[in-house]
Visitor: 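There's a structure below that I have some questions on.
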Amino acid sequence: MLRLLRFEGTPARMGEAFGESCREAIAALYALRLENALDQARRYGGRPAREADLLALAEACLEASAAFHPAGAAELRGIARGAGLSPAEVLAMNGLTDLRDALAWGAPPDTRAGCTAFVVQRDHSADGQLWAGQTWDLGTENLPYVVAVERHPEGAPETRCVTTVGCLSLMGMNGEGVAIGTTNLRTTDARMGVPYLSIIHAALEARSAEDAADCILGAPRAGGHAYTVVDREGAAYAIECTARRGRRLAVRGGFHVQTNHCQLAEHRAFEAELSFASSQARLARMRELLRDAGRVDGSILARCLADDANGKLAICRDDFDGISTNAALLVSPEAPLLRACQGLPSSAPWRTLLP
């Protein structure tokens, strides 16, 4: 069952409590992510990167993150104090996908990992409500570190999200009914900048999907990601970003699906030269499921996230080549409803985080 952690107070105090409560697990996750970043820099970028190289980049990104969102940086530093790690180590753990791209400068990545996200507008749902959801896929070894975190910060909306120990917001919703999800894109313009978790953490302070989208597009991003942003008024955006470029698409009807390759022609020139077999297969399969289902509801969407057709190219992957669906999230801001699971949505128990 997905574990729920609750923190309140100043960003610094919430971070310290998070770090103290998960100290051993945070250290273990940092070690796993350090190994992953250095291995990809060597294997795909041909660069003999060291931990010192990663942490030097993380230090520079920490400065950019603090300038962009001081509250998020304060929480991250608090996590570091509580966990007994340096702020650079905690930021490197948070920004794994962005920083490993920057280390390899856009070299071909491990293309097995990925996520599948969707937005379903009111006209395509059985209950007339806006829905959003996604899987989060990564190395199977990350699965034990997945947690749900409920934050009650001073002077900002409360948030409920799914993330990993010692990390800022990955996917979730705030008390204003703004929900955000993300899928990774591997682009060659990765750079020193603000990692994606710090961007999502800042965007979850927004009072509307439009404001959250503005926050994402205005950030000095470290790497490429696609974001889904929805709110309880029915506004919905799909935002596709490289580190230096970004564009939003308003989802006004039907549905939108995003996996792990760029769908906008102007961004494809920035993608690493690699095979997108998994990403293309998951995109096609989710579109097929949503189209064939007709008007959908939460139960149908949960089954879509649990779909295991196509084996290692499936939406829900069970340790294929060391990659698994580590978590899934389903949200309807208007209800409001937020449900998530740790592990395979085809077999793991779903936990209701809101109401």
Side-chain angles (χ1 to χ4, degrees), residues 33 36-49 53-69 88 91-115 117 138 168 170 180-203 212-229 237-249 258-276 278-280 283:
R33 295 196 160 184
N36 180 279
L38 300 187
D39 176 66
Q40 290 208 16
R42 286 190 297 266
R43 258 197 300 162
Y44 302 117
R47 300 185 176 188
D53 300 318
L54 178 66
L55 295 182
L57 180 59
E59 285 282 4
C61 289
L62 184 61
E63 292 184 19
S65 298
F68 172 70
H69 187 222
L91 185 134
M93 181 179 69
N94 274 255
L96 168 70
T97 58
D98 292 334
L99 270 63
R100 72 184 182 188
D101 285 0
L103 277 181
W105 287 112
D110 182 345
T111 59
R112 300 166 300 164
C115 310
L138 202 62
L168 301 178
L170 173 66
I180 301 176
T182 186
T183 66
N184 189 39
L185 303 175
R186 301 300 294 262
T187 63
T188 58
D189 61 349
R191 59 179 175 170
M192 182 277 291
V194 182
Y196 74 111
L197 291 190
S198 295
I199 294 172
I200 294 171
H201 206 67
D214 287 342
C215 177
I216 292 167
L217 289 167
R221 298 176 299 276
H225 280 266
Y227 303 86
T228 54
V229 184
Y237 298 99
I239 306 164
E240 186 176 285
C241 299
T242 75
R244 300 175 188 273
R245 296 191 178 195
R247 184 152 68 91
R248 81 184 79 190
L249 168 69
Q258 180 71 51
T259 51
N260 301 102
H261 62 278
C262 293
Q263 297 186 38
L264 298 179
E266 64 263 35
H267 294 160
R268 290 174 191 150
F270 294 90
E271 286 189 293
E273 296 180 3
L274 46 84
S275 169
F276 291 113
S278 170
S279 185
Q280 294 281 9
L283 180 72

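For the numbers below, each heavy atom of this structure counts, side chains included, while hydrogens, waters and symmetry mates do not. Remember, it's a predicted structure, so these values are computed and weren't measured experimentally.
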Visitor: Looking at every non-hydrogen atom in both residues, tell me the closest pair between Gly95 and Pro195 and how far apart they are.
Guide: CA-CB, 3.8 Å
Visitor: Does His69 reach the side chain of Ile199, with side-chain heavy atoms less than 4.5 Å apart?
Guide: no
Visitor: Is any side-chain heavy atom of Thr182 closer than 4.5 Å to one of Leu170?
Guide: yes
Visitor: Please give me the minimum heavy-atom distance between Ala117 and Thr228, naming the atom from each residue.
Guide: CB-CG2, 4.3 Å
Visitor: Looking only at heavy atoms, which two atoms of Glu271 and Cys262 are closest? And how far apart?
Guide: OE2-N, 2.8 Å
Visitor: With rounding to the nearest 0.5 Å, note down the distance linking CG in Asp53 to CG in Leu38.
Guide: 8.0 Å
Visitor: Should Ser198 and Asn94 count as side-chain neighbours, where that means a heavy-atom distance under 4.5 Å?
Guide: no
Visitor: Quick one: are Tyr237 and Ile216 in side-chain contact, heavy atoms under 4.5 Å?
Guide: no
Visitor: Taking atom CG of Leu217 and atom OH of Tyr227, what is their separation to the nearest 0.5 Å?
Guide: 9.5 Å
Visitor: Ignoring hydrogens, what is the shortest heavy-atom contact between Gly223 and Asp98? Give both atom names and the distance.
Guide: CA-OD1, 3.5 Å
Visitor: Arg247: what forms a salt bridge (Lys or Arg N to Asp or Glu O under 4.0 Å) with it, not counting sequence neighbours?
Guide: Glu266
Visitor: Hey, which of Leu249, Thr183, Leu283, Ile239 is the one that makes side chain to side chain contact (heavy atoms under 4.5 Å, CB included) with Gln258?
Guide: Thr183
Visitor: Please report the C-alpha distance between Arg248 and Asp214 in whole Å, then the side-chain angles of each, then the deciding distance to 0.1 Å, and finally whether the side chain to side chain contact (heavy atoms under 4.5 Å, CB included) criterion is met.
Guide: CA-CA 9 Å; Arg248 81 184 79 190; Asp214 287 342; 2.5 Å; yes
Visitor: Using modelled atom types only, decide if a donor and an acceptor are shared between the side chain of Asp189 and the backbone of Arg244 within a distance under 3.5 Å.
Guide: yes
Visitor: Where do Leu96 and Ala37 come nearest, in terms of heavy atoms and distance?
Guide: CD1-CB, 4.0 Å
Visitor: So, using ring pair (Phe, Tyr, Trp, His ring centres under 6.0 Å) as the criterion, who are the partners of Tyr196 when residues are at least two apart?
Guide: His225
Visitor: Counting only N and O atoms by type, is there a donor-acceptor contact under 3.5 Å from the side chain of Arg221 to the main-chain atoms of Cys241?
Guide: no
Visitor: Do other residues, nucleotides or ligands put more than 12 heavy atoms under 6.0 Å from the CZ atom of Arg245?
Guide: no
Visitor: In chain order, what residues pass the ring pair (Phe, Tyr, Trp, His ring centres under 6.0 Å) check against His261, with sequence neighbours excluded?
Guide: Phe276
Visitor: Which value, rounded to the nearest 0.5 Å, describes the distance between Thr97 atom OG1 and Arg33 atom CZ?
Guide: 8.5 Å
Visitor: Looking at Thr187 and Ala243, what are the two nearest heavy atoms and their distance?
Guide: OG1-N, 4.0 Å
Visitor: Determine whether Glu240 and Leu185 make a side-chain contact, defined as any pair of heavy atoms from C-beta on separated by less than 4.5 Å.
Guide: yes
Visitor: Taking Arg268 for its side chain and Gln263 for its backbone only, find out whether a donor-acceptor pair lies under 3.5 Å.
Guide: yes
Visitor: So, taking the atom named CG in Leu55 and the one named CG in Leu91, what distance separates them when rounded to the nearest 0.5 Å?
Guide: 10.0 Å
Visitor: Using side-chain heavy atoms (C-beta onward) and a distance below 4.5 Å, is Asn260 in contact with Ser278?
Guide: no
Visitor: So, taking the atom named CG in Leu138 and the one named SG in Cys115, what distance separates them when rounded to the nearest 0.5 Å?
Guide: 7.5 Å
